[in-house]
A.B. asks: 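Take this structure first; my questions come after.
Computed over heavy atoms, backbone and side chain alike; hydrogens, waters and symmetry mates excluded. Just so we're on the same page: letters track the sequence lines, and every chain starts at 1.
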Amino acid sequence: MTDTADTIAQPLLRLTDRAAAAALRAAGARWFLGLDPVTQNDELLARTLTAVGATVFGHGDAVVGYTLNPDHPGQAVVDTTGTDPAPLAACLDFLHEYLRCDTFVALVAVDRDPAALRGFAVVGRLRGHEYRGGTYHDVDVYFRAREGTCAR
Amino acid sequence: MRALTVRHFTEADVPLRTAVLREQRFGSNLTDWALVADVEEVQAHQRRLLARAQETVRIYCACRGDGEVVGFLWITDVDWRAQTCELSVAMLPRYRVGFGTLAVIAAQHHLYGELNIRVVVHRVLEHNTMLNSRDRLATTSQVRCDHDSYTVGEFRTALMWTQTAEDFHANLDRLPNRRDELGARIRARTEKVSS
């Protein structure tokens, strides 16, 4: 079989900030990397992504992304829509292979399914960190280090 | 289920809102600047608000269940730390009877429930009884400001009041009672006429 542009796997598709904003709205994803399509319009979502230096990818039906911790270049804050672990795993591989990241942080509200965060562990809880539906919600802080990683 | 929902205003909505801003009664009831400025400037201004001014101004479309836009709402002077803003509304002419209150309620659900606003400031020019009756304006307003603005040939007096999130939810709780009372009055009148 001959490889073609269609048959070569491209699991992570880099999105422009405008495309990322539209994808997050379409996914109905709230608080992805701190963004909220319910309270922010597409222009503001795109501008915020630019301001925080976020990188966002499409991966099948999911959206996945990261921001680098400015105080620790080997650490990234990551997020994904949906509950499939595969898009986030692809993002972590990308971060390790191209940006030498080996520790990862994610914030997930306690009433959301954390199934996508395979290999992560809860290391803390932020009380009343998110506001939606007329009330504040607690958010769990998840952490994962790559196996065999030297502490940096 | 709510009769109307709100969504973010987009570039595609600019021509329709421009037409509303340039309508004579809107000019008299809120501001007539869009009747003075040229159409291009009115449209460019809204695009600037969309792209650059989300920190202080946000515009929403009120939509029916089928997605049709029935009016526009916007918040101005947003103070995120104090959690306050001013709310304005303009309905399309054919949706001005009955839909205005529903649109304001839908917007208030969004402001208090999602945007985390605690206090909404209302400002209505005294002659504008499109959404609030004269009696209601008289009993609700907390501040009266003579010569507040000059629209379509006259100085206007503004009436202002604040509404907290608690006020909003208390009023919502009273809504079914008001609907029941209204229904009973209509039924009584109908029975009297038919007997």
A.B. asks: So A:Asn41 and B:Gln54, do their side chains get closer than 4.5 Å, heavy atoms only?
C.D. replies: yes
A.B. asks: Main chain of A:Asp42, side chain of B:His8: is a donor-acceptor contact present, judged purely on distance under 3.5 Å?
C.D. replies: no
A.B. asks: Which atoms of B:Arg52 come close to chain A, meaning under 4.5 Å heavy atom to heavy atom: side chain ones, backbone ones, both, or neither?
C.D. replies: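 Contact with chain A involves both backbone and side-chain atoms of B:Arg52.
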A.B. asks: Test your reading of the model: is there a side-chain donor-acceptor pair from B:Arg7 to the backbone of A:Val38, 3.5 Å cut-off?
C.D. replies: no
A.B. asks: Cluster question for you: counting only ILVMFWY and a side-chain heavy-atom cut-off of under 4.5 Å, with indirect links fine, are B:Val104 and B:Val20 together?
C.D. replies: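 In one cluster with B:Val104: B:Val20, yes.
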A.B. asks: Check whether any side-chain heavy atom of A:Leu44 sits under 4.5 Å from a side-chain heavy atom of B:Arg58, and report yes or no.
C.D. replies: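 In contact.
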A.B. asks: Look at the side-chain heavy atoms of Ile, Leu, Val, Met, Phe, Trp and Tyr, link any pair under 4.5 Å apart, and say whether B:Met130 and B:Leu137 land in one connected group.
C.D. replies: no
A.B. asks: For the pair A:Tyr136 and B:Asn116, evaluate side-chain contact (heavy atoms from CB on, under 4.5 Å) and give the outcome as yes or no after the intermediate values.
C.D. replies: CA-CA 9 Å; A:Tyr136 290 99; B:Asn116 208 358; 2.8 Å; yes
A.B. asks: Any heavy-atom pair between the side chains of B:Arg47 and A:Glu43 that's under 4.5 Å?
C.D. replies: no
A.B. asks: Could you state whether A:Val56 and A:Trp31 fall into the same hydrophobic cluster, counting links through intermediate Ile, Leu, Val, Met, Phe, Trp or Tyr residues with side-chain heavy atoms under 4.5 angstrom apart?
C.D. replies: no
A.B. asks: State plainly whether one hydrophobic cluster holds both A:Leu88 and A:Val122, where clusters connect Ile, Leu, Val, Met, Phe, Trp and Tyr through side-chain heavy atoms under 4.5 angstrom apart.
C.D. replies: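 Same hydrophobic cluster.
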A.B. asks: Can you measure from OG1 (A:Thr39) to CD1 (B:Ile117) and round to the nearest 0.5 angstrom?
C.D. replies: 10.5 Å
A.B. asks: Tell me, yes or no, whether the heavy-atom count around A:Asp61 atom CG, taken from other residues, nucleotides or ligands under 6.0 Å, exceeds 12.
C.D. replies: no
A.B. asks: Does one hydrophobic cluster hold both A:Val52 and A:Val105, with members joined at side-chain heavy-atom distances below 4.5 Å?
C.D. replies: no
A.B. asks: Could you check whether atom CZ of A:Arg118 has more than 12 heavy atoms from other residues, nucleotides or ligands sitting under 6.0 Å from it?
C.D. replies: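 No, CZ of A:Arg118 has 12 or fewer neighbouring heavy atoms, counting only those of other groups under 6.0 Å.
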A.B. asks: On a heavy-atom basis, which atom in A:Tyr131 and which in B:Arg118 lie closest, and how many Å separate them?
C.D. replies: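 So the two residues come closest at OH-NH1, 4.1 Å.
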